[in-house]
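Down below is the structure, laid out as structure tokens.
Small disclaimer: the values here were computed from a predicted structure and weren't measured. Whatever order the structure lists ligands and atoms in, that order sets their numbers, starting from 1. No hydrogens, no waters, no symmetry mates; every other heavy atom, side chains included, goes into these values. FYI, the numbering just counts along the sequence from 1.
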Amino acid sequence: VSEAEFLSWLYAQKKSRADVLVDVGDDLAALRWDGGDLLLVGIDQVLDGVHFDSALHPAVQIGRKAMNRNLSDCAAMACLPVAAVVSAALPRGSGIEYARELHRGLREAGEMFDCRIVGGDTSAWDGKLAMSVAIIGRSAGIDPITRAGAKVGDSIYVTGPLGGSILARHMSFTPRVELARTLASRYPISSMIDISDGLTRDLYRICQASKVSAVIESAAIPIHLDAIRLSSQDGRPAIDHALGDGEDYELIFTTGSKVEESGCVRIGEILQTDDGGASVKLSGSTEPLRPGGWDAGV
Ligand SMILES: [Mg+2]
């Protein structure tokens, strides 16, 4: 079963509730809270052999990535992170020093954004390292930006160069929390998502949620040097890496305004759907891009 199939089944199980403003199916959920502020909450899991390789990556880096993925979800909704709780299943015998280094990575990543670890649970088992971080944030004066607001005619932007993150960047990226808050306070951002699974796949998610299509200019897509390096190793065009690799943790956002913030590049435009079905196309091509990139597969 593909992840997409499982997710659409999961989304169909939703039951609406007045104080749940953003439900399952976006980067975080948003709940109405006392004082007019919204509480945003989400959870994200990292697994040895899937999101990192414990034989290759030191514990401090693994901890940092686990926290940063959640902070990137905060960025995706222009949410201010506040606190996190962590659950870790440690391989038996990994030792206290290893657990401390994991915690140091989590803590240091959180502290960059004044986000504290306020609780957690660890246990040891015969399996590999698995960690879940749940994050809690506040709207703090900025309405959460969901995936669902893209309008026909909006420009599509990304916040930085893409592709080849597997060479190292996927472990050491900086979540775009501050940039997202700046963008949301200066421009009418209609939708936003962070790129965890690849430009094509994550832009497709905006299109699905917003019931629109997208056309992107391949020449406009900022290509990371890592995508070019990886291309020289595996012979695949660098643009394919930029479109599909994922774990860039840059943001894709849409807006009717012209955005002039450092790092933000206009890559395309939101169009009407042809037949009610969302699609992402390269300009000049009639074939929709297959949403490649990362699929968890269940
Ligand atoms: Mg996300």
Side-chain angles (χ1 to χ4, degrees), residues 2-4 6-8 10-11 21-31 38-47 50-52 64-82 84 109-110 113 115 131-139 142-150 156-160 162 165 169-171 173-181 183-184 189-210 214 243-254 278 280 291-298:
S2 79
E3 184 185 16
F6 176 66
L7 289 179
S8 55
L10 204 61
Y11 298 169
L21 260 77
V22 180
D23 209 332
V24 169
D26 221 299
D27 290 278
L28 301 174
L31 312 182
L38 299 177
L39 178 131
L40 291 96
V41 58
I43 188 164
D44 195 84
Q45 185 184 53
V46 290
L47 303 174
V50 179
H51 303 96
F52 61 87
R64 203 171 286 146
K65 178 172 187 178
M67 178 63 77
N68 277 338
R69 280 166 59 95
N70 283 271
L71 294 168
S72 184
D73 280 331
C74 290
M77 308 208 52
C79 152
L80 197 64
V82 174
F113 300 95
C115 176
M131 252 196 311
S132 291
V133 179
I135 195 124
I136 298 162
R138 297 198 301 131
S139 52
I142 293 174
D143 286 340
I145 297 170
T146 71
R147 303 173 181 182
I156 304 164
Y157 285 84
V158 291
T159 57
L162 308 176
S165 75
R169 225 158 75 244
H170 73 112
M171 297 301 294
F173 61 94
T174 303
R176 301 295 181 213
V177 175
E178 281 163 17
L179 177 58
R181 301 270 304 169
L183 285 167
I189 309 298
S190 52
S191 71
M192 192 150 64
I193 192 169
D194 64 317
I195 306 180
S196 51
D197 298 342
L199 173 60
T200 305
R201 183 175 289 270
D202 287 315
L203 179 55
Y204 182 73
R205 288 183 169 136
I206 284 187
C207 290
Q208 273 186 312
S210 301
L243 286 167
D245 282 358
E247 298 223 318
D248 299 294
Y249 300 104
E250 295 293 345
L251 303 170
I252 307 169
F253 65 90
T254 59
V280 176
W294 180 253
D295 184 302
V298 283

Nearest heavy-atom neighbours spanning [X] and [Y]:
X	Y	value
Asp194	Ser72	OD2-OG, 2.9 Å
Ile195	Leu162	CD1-CD2, 3.7 Å
Lys65	His170	NZ-ND1, 2.9 Å

- Given salt bridge (charged side-chain N to carboxylate O under 4.0 Å, His left out), test Glu247 with Arg169 step by step and report yes or no. CA-CA 8 Å; Glu247 298 223 318; Arg169 225 158 75 244; over 6 Å; no
Tell me which N, O or S atom of [X] sits nearest to the Mg ion (ligand 1).
X	answer
Asp27	OD1
Asp73	OD1
Asp194	OD1

